[in-house]
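Reading through the structure tokens given below for one structure.
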Amino acid sequence: MDYLKAFLIGGLICAIVQILMDKTKLMPGRIMVLLVCTGAILGAIGIYEPFIEFAGSGASIPLLGFGNTLWKGVKEGIQQEGILGIFSGGFTASAVGISAALIFGYLASWIFDPKMKE
């Protein structure tokens, strides 16, 4: 049941993003920033944690979850380092995910033949 719930919630998030891309003039980069900021705001006001407990990976994997991870890192960084934690906390919390994305993206570019769009 957990897998089904995660699949449905993750799919719903993706469907909402697809509707935004199709029905608005927002560029994909702006939609991505909107998702990250929304996740951070929902985490800051305390809504995102119960959502993750309910939806599992369906809520923690998309860009909303990345925004929430950044928020948690900043909050933790402020508690440990004071005001300087604003600058380091988000990077510390999300370093593994960012590193994995860079490494696997680089490996995929070796395996496949990337081409620029014309």
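Across every non-hydrogen atom of S57 and P62, the tightest pair is O-CD, 4.0 Å. For the residue pair A93 and G73, the shortest heavy atom distance occurs at CB-CA, 3.5 Å.
In this structure, S99 contributes its side chain and V96 its backbone to no donor-acceptor pair below 3.5 Å.
Atom CZ in F104 sits 10.0 Å away from atom CD1 in I111 (nearest 0.5 Å).
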Could you pull out all donor-acceptor pairs under 3.5 Å where a side-chain atom in residues 75-87 meets a protein atom, sequence neighbours excluded?
from: E81; atom 1: OE1; to: S88; atom 2: OG; distance (Å): 3.1

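The hydrophobic cluster around M32 extends to I9, I13, V17, L20, M21, L26, I31, L34, L35, V36, L42, I45, I47, Y48, F51, I52, F54, L63, L64, F66, L70, I98, L102, counting ILVMFWY residues whose side-chain heavy atoms fall within less than 4.5 Å of a member.
Among residues at least two apart or in separate chains, salt bridge (Lys or Arg N to Asp or Glu O under 4.0 Å) pairs with a member in residues 41-55 are E49-K72.
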